[in-house]
Amino acid sequence: MPDPAELAARRSGGRGAMDVRTLTRVLFERLAELPPDAPERARVRSALIEINIPLVRYAATRFRSRSEPMEDIVQVGTIGLINAIDRFDPTRGVQFPTYALPTILGEIKRYFRDNVRTMHVPRRLQELWVQVSGAMEELTVTHGRVPKVPEIAANLRIPEEDVRACLDAGRAYNAASLEAAQEHEGGLALLDRLGYEDSALTDVEHRDMVRHLLVQLPERERRIIMLRFFANLTQSQISTELGMSQMHVSRLLSRILTRLRTGNSWEE
């Protein structure tokens, strides 16, 4: 697998991977020499963050298919980078990119898990939601109750439709599992309350088609079909019932079924 630092450096178009690794090692060595209260520690730490930002951008590209802006993902990944810098121990013999990449990826994944909506919400509504939620808190304190949509709209001087859209967007952070029990439904899961596909549903159309074709048959042929498939009589029993040979019943039955399958009208 290619070195993460090398890949990151290539994507950034900046220093070579060897320069990044060398500078990172030198800076960590310098950081270890400085006392905790030394003013220079902040400068060394900032330099470590700056030269390793390409590693964060490399990690962020794994999430490019998400709806969140890449700048936001990089910003979150930088928090992971800072945490990795503060926890890294150079004496363990591990390269810093190898140690830092899982921390950066973990921070980004945690961000998507805890803060990003399951459903994509337009940025305009995300920004407007901040104002709506603030107005709701203010009006709740003022009136001693949860404000109504017209009151929020009047307070912010925006259309009521925008307030309703924001309220819906504010509920779109997480999707409920179909198998999760619902307390207000007596412990039933959503899946238990969903309809199911009736396996006999397709037979309705078939029965209607058969009924339509049967009424086109002459009386004798229609009776043969009824005795064979609805009364479950054998050809021998049908021949006795109708007073004809079994061979004749067999020929008629074959002819009738052929007409029914093709949907053609009966011809004498």
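If you read the sequence from its start, that first residue is 1, and numbering goes on from there. All of these numbers come straight from a predicted model, not from anything done at the bench.
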Heavy atoms only: give me the nearest [X]-[Y] pair and the separation to one decimal.
X	Y	value
E40	L34	OE1-CD2, 3.8 Å
E151	K148	OE1-N, 2.9 Å
V20	I51	CG1-O, 3.9 Å
G80	T103	O-CG2, 3.4 Å
I82	R45	CG2-NH2, 2.9 Å
S245	S239	C-CB, 3.8 Å

Any [X] side-chain heavy atom under 4.5 Å of [Y] side chain:
X	Y	answer
R223	M226	no
L252	R220	yes
L167	M136	yes

Mark yes or no for whether [X], through its side chain, and [Y], through its backbone, hold a donor-acceptor pair below 3.5 Å.
X	Y	result
T61	Y58	yes
S250	Q246	no
R41	L31	yes

Can you give each donor-acceptor pair under 3.5 Å made by side-chain atoms of residues 70-79, sequence neighbours left out, with the distance rounded to 0.1 Å?
residue, atom, partner, partner atom, Å
D72, OD2, R123, NH2, 3.4
T78, OG1, V74, O, 2.7

Atom CG in L81, atom CG in L101: separation rounded to 0.5 Å?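 Separation between the atoms: 10.5 Å.
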
Please report the C-alpha distance between V146 and L139 in whole Å, then the side-chain angles of each, then the deciding distance to 0.1 Å, and finally whether the side-chain contact (heavy atoms from CB on, under 4.5 Å) criterion is met. CA-CA 7 Å; V146 177; L139 292 172; over 6 Å; no

Step by step, would you call E160 with R164 a salt bridge (Lys or Arg N to Asp or Glu O under 4.0 Å)? CA-CA 6 Å; E160 294 182 14; R164 293 190 180 92; 3.3 Å; yes

Determine which pairs satisfy ring-ring contact (aromatic ring centres under 6.0 Å, His included) with at least one residue from residues 77-96, sequence neighbours left out, and list them in order.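 Sorted pair list: F28-F88, F28-F96, F88-F96, F88-Y99.
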
One pair to check against side-chain contact (heavy atoms from CB on, under 4.5 Å): V56 and I108. What are the steps and the verdict? CA-CA 10 Å; V56 177; I108 296 174; 5.6 Å; no

Residue pairs involving residues 92-102 (criterion salt bridge (Lys or Arg N to Asp or Glu O under 4.0 Å); sequence neighbours excluded):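 As it turns out, the salt bridge (Lys or Arg N to Asp or Glu O under 4.0 Å) pairs with a partner in residues 92-102, which skip direct neighbours, are D89-R92.
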
